[in-house]
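Below is one structure, written out as structure tokens; the observations come after it.
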There are 2 protein chains.
Amino acid sequence: MRRHVLIFGIVGGLLIATLQYTEYRFVVIEHSVELYGALIAVLFAAFGIWLGLRITRARETIRETVVVREIPAQAPAVEPFAPNTASRQSLGITARELEILSLVARGHSNREIATQLFVSENTVKTHCARAFDKLGAARRTQAVQRGKELGLLP
Amino acid sequence: MRRHVLIFGIVGGLLIATLQYTEYRFVVIEHSVELYGALIAVLFAAFGIWLGLRITRARETIRETVVVREIPAQAPAVEPFAPNTASRQSLGITARELEILSLVARGHSNREIATQLFVSENTVKTHCARAFDKLGAARRTQAVQRGKELGLLP
DNA sequence: CTAAAAATCACCCAAAAGAATGACGACATC
DNA sequence: GATGTCGTCATTCTTTTGGGTGATTTTTAG
């Protein structure tokens, strides 16, 4: 959070510096204002996207405590799977760990998972390691197997 | 979380103010290039945030419909399980390959499988590689997943 | 506000897994 | 006898995983 401001400050400072520089450099020589504008545009667009993603990601984690409600459950059609919260909590497996675990179970590599969740591969590995530890698994295939046994995975 | 936006707004405002200030200070030119730049900057930043929100919204809605029912964590009744011979043969997967595959699915390592079947680890790897190829899998977890989808594995 | 829990990331190292070859024998079948 | 499939094994090399440790940041709970 403080880092965001810091980064923003730095970028802003650089931007201003660039502004002044380009002012002296280009404007006098009547260079393209469009290029200059486009540069800032791209810069800020990228920053905006990044910020937007960050914001929504924060909101998603809050959302986690949502719906767990009983339902008639008569249609086994496309079985909407709900992980067994009891065994999950008794093992101390966090929601995030389970999320990664389910992606592992779908056959994704750590790198793929990292890309998909917008985190670093190292983070995925950390989550994996902790989940494996809590499940008493030495391999991901074993973890998946255990997870299914415990009703944590579909 | 929403503080991000707030801070972003404030800093943005400050930036614009600064730009205008520097304009009065430095500019001897008729248009304010900075103001122009800042304008697109803000515009694109907003666009970026909007885009970020939009990108993640799709994922969120999916996530929301997920949780519906708890599943009893009890093991499925001891069913014999007969592997689907049709899809097995149509893929050209041999019995031996399926045998190794099922051990992979149970979470065993190549070495363990090799020991268990009295063959070399290299042999296991070969069988694995061929099975993965026939299943179109790049990883063992993926192969297991596909195998279950196809009814080859319990 | 503060303390605890969770999530994030980095680094190093070792082990496992996988890809790409090539090879050899057993066996069935035509 | 030639052919083809299958199971077996080796070698080399690259990638992926996993273990261990420590650190920072964010979130949550009290």
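Nothing here was measured: the structure is a model prediction, and the numbers come from that model. Letters A, B, ... mirror the listed sequences (proteins, then strands); counts begin at 1.
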Rounded distance (Å) that lies between atom P of dT8(C) and atom CG of Leu117(A): 8 Å

Thr94(A) side-chain N/O to dA7(C) phosphate OP1/OP2 under 4.0 Å: yes

DNA chain D: 5'-proximal contact among Asn122(B) and Ala129(A) (nearest heavy atom): Asn122(B)

Whole angstrom value for the distance that separates C1' of dG18(D) from CZ of Arg130(A): 14 Å

N or O in side chain of Asn110(A) less than 4.0 angstrom from dT16(D) OP1/OP2: no

Short side-chain N/O contact to dC9(D) OP1/OP2 from Thr126(B), under 4.0 Å: no

side-chain contact (heavy atoms from CB on, under 4.5 Å) between Leu117(B) and Glu99(B), intermediate numbers included: CA-CA 10 Å; Leu117(B) 297 182; Glu99(B) 186 180 6; 3.7 Å; yes

Phosphate-side-chain proximity, Thr123(B) and dG7(D), N/O vs OP1/OP2 below 4.0 Å: no

5' priority, DNA chain C, between Lys134(A) and Ser120(A) [closest heavy atom]: Lys134(A)

Stepwise salt bridge (charged side-chain N to carboxylate O under 4.0 Å, His left out) check, Glu112(A) with Arg139(B): CA-CA 12 Å; Glu112(A) 287 169 351; Arg139(B) 280 165 286 286; 3.1 Å; yes

Rounded distance (Å) that lies between atom P of dA19(C) and atom CG of Leu135(B): 12 Å

N/O donor-acceptor pair under 3.5 Å between Lys134(B) side chain and Ile93(B) backbone: no

Interatomic distance where CD belongs to Gln142(A) and C1' belongs to dG19(D) [whole Å]: 15 Å

Below 4.0 Å: OP1/OP2 of dT16(D) and any side-chain N or O of Ser109(A): no

Euclidean distance, atom CD of residue Glu97(B) to atom C1' of dT8(D) [Å, nearest integer]: 13 Å

Short side-chain N/O contact from Arg96(B) to OP1 or OP2 of dT5(D), under 4.0 Å: no

Lys125(B) NZ - dA15(C) P separation (whole Å): 14 Å

Phosphate contact (dT16(D) OP1 or OP2) by Arg139(B) side-chain N/O below 4.0 Å: no

Spacing of Glu121(A) atom CD relative to dT16(D) atom C1', expressed in whole Å: 8 Å

Distance (rounded to the nearest 0.5 Å) between Leu101(B) CG and Arg88(B) CZ: 11.5 Å

Shortest side-chain distance from Arg140(A), nucleotide among dT17(D), dA7(C), dC9(D): dT17(D)

d(CZ, Arg111(B); P, dT17(D)) in whole Å: 18 Å

Pair Leu98(A)-Leu153(A), side-chain contact (heavy atoms from CB on, under 4.5 Å): steps then yes or no: CA-CA 8 Å; Leu98(A) 185 59; Leu153(A) 299 171; 4.2 Å; yes

Nucleotide nearest His127(A) when distance is taken to its side chain, options dG18(D), dA7(C), dC9(D): dA7(C)

